[in-house]
Structures are given as C-alpha cells and as structure tokens.
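Contents: one structure, followed by commentary.
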Amino acid sequence: MLDTVATMHVGPPPRLPLAGLPTPLQPLPRLGRALGFDEGALWVKRDDLTALAGGGNKARKLEHLVADALARGADTLVTGGASQSNHVRMTGAAARAAGLRCVAVLGGLPGEAPEGNLLLDALLGIELVWAQAYDGAAIEAAIDAACTRLATTGVVPYPVPLGGASPVGTLGYVRAADEIAGAAPTGAVVYTATGTGGTQAGLVVGFGDHDRVRGVDVGALPDVDARITELVAAVAELADRAPPAGCVQLDRSHIGAGYGDLTPEVHEAIHLAAATEGLVLDPVYSGKALAGLMADRRRGLLAAWQPTVFLHTGGLPSLFTDRIGPWLLDRGS
Ligand SMILES: Cc1ncc(COP(=O)(O)O)c(C=O)c1O
C-alpha cells in the first residue's frame with residue numbers, strides 16, 4: 001500500500017503519490033525550428049510519461065481523488081467517459097493500485113471491439129455500464145445514478161466526475177504549474193488540450209494568470225469555458241492561491257465536426273511531431289493541442305521568441321483502434 005502524504009498546510013485533501021512526479025520537461029529543437037521558433041523557445045512537458053496503465057494527464061488528478069476517496073472510507077470509484085476514455089482507463093488503474101473497485105459508465109454500445117483503452121479497461125477489471133452514446137450531461141447523470149444504486153447494496157461509492165474535473169482532482173494541475181514554473185524559461189505560455197477543463201483550470205490557478213494557459217478545445221463539453229471559470233474559483237480557494245488575473249483563453253477552431261473528429265490539421269501535427277522529435281500524439285487530445293499551437297505560430301499569434309511549453313497529456317492507446325490506426329497511416333489525409 002502506498003503512503004498518503006499531506007501536500008498543503010490547512011485542511012486540503014491529502015495526496016496519494018500514484019503518478020511518478022515530476023514529469024520531464026524537454027526541449028523540442030527540431031520541431032521548434034520547423035515551426036520558426038527561436039532556438040530554445042519550444043518545450044514539451046511530458047505528462048504522457050506518468051504512471052497508471054500507460055500514463056497521461058489524469059494521473060495528477062487521481063492522486064488527489066483517490067486519497068480523498070480513501071479518506072472518506074469509499075471502496076469503489078465510479079466514473080465515466082467516452083468508449084475510448086483515457087480517464088476511465090487510468091481511474092481503473094488507480095483504483096487497482098489503491099485496492100479499490102472501479103465502475104465506469106461509457107458512452108457507446110456493449111459490442112464495441114476490445115481495442116485501445118477498452119482492452120486495458122477489461123484487463124484492469126473495470127465494471128462497465130453502457131450508456132448508448134456519448135453525451136456528457138447524460139453520463140454525469142448516469143454516474144450519480146450508479147452511485148445511488150451501489151449505495152443500496154452496501155457499497156461505499158466515490159463519484160469521480162467526467163475527466164476527474166472536480167475541485168479536488170483539479171488540484172493536481174496546480175502542482176503541474178509549479179513544476180513548469182520551476183523548470184521552464186520565465187514567462188512561458190502553456191498549450192494544452194481542453195476536454196473537461198480541469199487541466200486548464202489547475203494550470204491557471206498555479207500560474208495565477210489565465211493568459212499563461214492556452215486551451216485548445218476538443219469539443220467534449222459545450223460549456224467548458226463556464227466550467228473552467230467555476231473550477232478556477234473553487235480551486236484557488238481550496239489551494240489557498242490568489243484568484244488569477246485575466247479570462248479563459250480557449251481556442252474552439254480545432255474541434256472540426258465534433259468531439260473526436262479526425263481533421264487534416266491534426267494529421268499533419270501528429271506526423272510532424274513524430275518525424276521531428278519522435279514524439280507520439282493522439283488525434284483526439286494531444287494532437288489537437290499541437291495543431292492549435294502550430295496554427296497560432298503560423299498566424300503570428302505566437303511570436304518566435306515566446307517561450308512555449310506544449311503539454312503532452314497522453315492518449316496513446318486510442319492509436320491502436322480500427323478508427324484511428326488506418327487514418328493515421330493514410331498519407332492522403
Ligand atoms: C489524453 C488527454 N488529454 C487531454 C485531456 C483533457 O483534459 P481535461 O479533461 O482536464 O480538460 C484528456 C481528457 O480526457 C485526455 O484523455
């Protein structure tokens with residue numbers, strides 16, 4: 001059993017060190033040159049290299065969420081997401097590492113091929129409840145319903161919202177901002193994929209400034225900007241930080257036809273990252289964030305001298321699916 005450690009002084013939830021932090025911060029000289037950045041301006045924060053069944057950004061949130069669940073005497077984490085959810089896979093791994101059960105509501109149909117994240121969900125013994133199609137609000141309601149149902153059978157459930165984006169989970173990205181501030185060039189801006197908004201909100205609180213964090217919306221939730229605003233207020237209070245300056249920076253122009261759409265821009269971004277740096281991105285999240293960064297650089301919204309950190313949030317398992325693998329290898333895309 002891993003040790004629980006308190007991270008802050010006055011009453012905040014404890015943290016269970018599950019993620020293997022800090023993650024590396026690495027320069028991207030060849031990608032930087034290809035995009036016309038000055039030498040030493042472009043960096044990557046490797047949050048794809050956390051622990052938990054293949055890694056990714058949810059590990060930082062789960063350190064706080066699982067510690068909170070244990071502190072409340074819970075025995076089962078209940079969460080949900082899309083059928084290829086990285087968050088569900090990592091919540092299942094965190095539950096196993098802490099000796100808990102995991103129940104997850106997935107948007108999709110029970111007959112889906114056990115590939116990518118679904119294969120890992122099965123390996124991790126996550127108990128799946130299928131919710132026909134992906135709809136954020138419906139899945140959040142189904143998580144609550146599953147908790148109510150489980151509680152009548154003597155189980156002590158702990159609800160983990162979509163993407164782990166509760167104020168407690170979001171604390172994990174305040175710590176990430178502190179890691180970046182301690183290692184990256186002064187004044188660096190961070191580009192991140194934004195789904196449920198917890199990653200962006202935590203970074204903003206950590207930096208104390210919305211302008212330091214540029215979210216590239218992947219289209220997972222229609223109201224993510226409002227959610228970020230609410231989360232920022234709650235997390236600043238929980239982490240005992242000052243309310244940040246500025247307002248939410250969110251680029252909605254890379255969603256394409258909707259959440260998970262495979263766009264030509266993301267195809268180019270994934271191939272460029274692989275060819276220049278050996279960096280592997282996914283098309284639903286991390287590839288969209290890089291496509292947003294590239295578009296800003298090319299349109300002059302990001303200056304050549306501007307120190308910039310690309311946050312690699314993970315997502316690798318979805319490449320190993322019939323929907324994405326062939327598209328990725330199609331040079332005509
Ligand atoms: C790989 C990956 N990157 C980014 C995100 C978005 O993070 P957030 O939900 O905190 O906005 C997710 C969310 O599921 C993800 O799986």
Side-chain angles (χ1 to χ4, degrees), residues 23 44-50 52-62 64-65 79-94 104 106-107 116-117 120-121 134 136 139-140 160-174 176-177 190-206 213-232 235 248-252 254-255 259-260 266 269-270 279-292 310-319 324:
T23 55
V44 59
K45 177 70 171 165
R46 298 295 305 269
D47 275 15
D48 59 317
L49 297 183
T50 65
L52 295 183
N57 64 336
K58 304 307 173 190
R60 292 183 184 272
K61 301 182 186 184
L62 286 160
H64 290 282
L65 291 163
T79 195
S83 65
Q84 278 299 326
S85 170
N86 300 296
H87 162 70
V88 166
R89 177 246 312 166
M90 296 186 70
T91 303
L106 290 189
N117 281 297
L120 298 173
D121 294 350
Y134 176 76
I139 289 180
E140 280 172 338
V160 177
L162 284 177
S166 67
V168 168
T170 300
L171 280 173
Y173 267 91
V174 179
V190 179
Y191 275 75
T192 182
T194 290
T196 59
T199 302
Q200 181 165 352
L203 289 170
V204 163
V205 172
V213 189
R214 301 187 183 173
V216 180
D217 190 358
V218 303
L221 295 171
D223 59 346
V224 69
D225 47 350
R227 289 182 186 230
I228 292 170
T229 304
E230 275 174 31
L231 267 177
V232 163
V235 175
V248 177
Q249 302 293 312
L250 194 64
D251 179 357
R252 289 220 149 89
H254 296 277
I255 298 171
Y259 173 69
V266 84
I270 292 174
L279 206 57
V280 180
L281 310 179
D282 80 289
V284 182
Y285 294 102
S286 53
K288 289 238 160 125
L290 184 61
F310 168 65
L311 179 66
H312 191 334
T313 51
L316 182 68
S318 75
L319 266 55
I324 291 172

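In this chain, residues are counted from 1 in sequence order. Just follow the structure's listing: the first ligand is 1, and inside any ligand the first atom is 1.
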OG (Ser318) and CZ (Arg89) are apart, to the nearest 0.5 Å, by 9.0 Å
For Leu319 and Pro283, the nearest pair of non-hydrogen atoms, with its separation, is CD1-CD, 3.8 Å
min-distance protein heavy atom vs atom 2 (C) of ligand 1 -> Tyr285 CG, 3.3 Å
For Phe310 and Leu281 the tightest heavy-atom approach is CE2-CD2, 3.8 Å
Among Lys58, Met90, His312, closest by heavy atom to atom 13 (C) of ligand 1 is Lys58
Evaluate side-chain contact (heavy atoms from CB on, under 4.5 Å) for Ile228 paired with Thr194, printing each intermediate quantity in order.
-> CA-CA 10 Å; Ile228 292 170; Thr194 290; 3.9 Å; yes
Quiz item: Without hydrogens or angle criteria, can the side chains of Arg214 and Thr192 be said to hold a donor-acceptor pair below 3.5 Å?
Solution: no
- prompt: Does any donor atom in the side chain of Thr170 or Lys61 lie under 3.5 Å from an acceptor atom in the other side chain?
  reply: no
A student checking ligand 1 against Gly198 at a 4.0 Å heavy-atom cut-off should list atoms 10 (O), 11 (O)
Ligand 1 atoms nearer than 4.0 angstrom to some heavy atom of Thr194 are 11 (O)
protein heavy-atom neighbour closest to atom 3 (N) of ligand 1 works out as Thr313 OG1, 2.6 Å
Any heavy atom of Val284 under 4.0 Å from ligand 1? The part involved is neither
Practice item. Apply the test side-chain contact (heavy atoms from CB on, under 4.5 Å) to residues Val218 and Tyr259: give CA-CA distance (whole Å), side-chain angles for both, the deciding distance (0.1 Å), then the verdict. Key: CA-CA 6 Å; Val218 303; Tyr259 173 69; 4.1 Å; yes
Check: Would you say the side chains of Thr313 and Asp47 form a donor-acceptor pair under 3.5 Å?
Finding: no
When distances are taken from atom 16 (O) of ligand 1, the protein heavy atom at minimum range is Asn86 ND2, 3.0 Å
Within 4.0 Å of some non-hydrogen atom of Lys61, the atoms of ligand 1 are 8 (P), 9 (O), 10 (O)
Per-atom filter on ligand 1: closer than 4.0 angstrom to a heavy atom of Thr199 are 7 (O), 8 (P), 10 (O)
Atom 11 (O) of ligand 1: closest protein heavy atom, distance to 0.1 Å, is Gly195 N, 2.7 Å
Ranked by distance from atom 7 (O) of ligand 1, the top protein heavy atom is Asn57 ND2, 3.0 Å
Quick note on ligand 1: atoms under 4.0 Å from a heavy atom of Gly315 include exactly 1 (C)
Heavy-atom closest pair (Gly206 atom, Ala177 atom, distance to 0.1 Å) is CA-CB, 3.6 Å
Does ligand 1 have an atom that lies less than 4.0 angstrom from a heavy atom of Gly197?
yes
Item checked: Polar atom proximity, Ser286 to ligand 1 (N or O, under 3.5 Å) -> no
inquiry  = Counting only nitrogen or oxygen atoms and a 3.5 angstrom limit, does Asp282 reach ligand 1?
reply    = no
Atom 9 (O) of ligand 1 has as its nearest protein heavy atom Thr196 OG1, 2.5 Å
Quick check: does any side chain N or O of Asp217 sit under 3.5 Å from a backbone N or O of Arg252, one acting as donor and the other as acceptor? no
A student checking ligand 1 against Gly314 at a 4.0 Å heavy-atom cut-off should list atoms 1 (C)
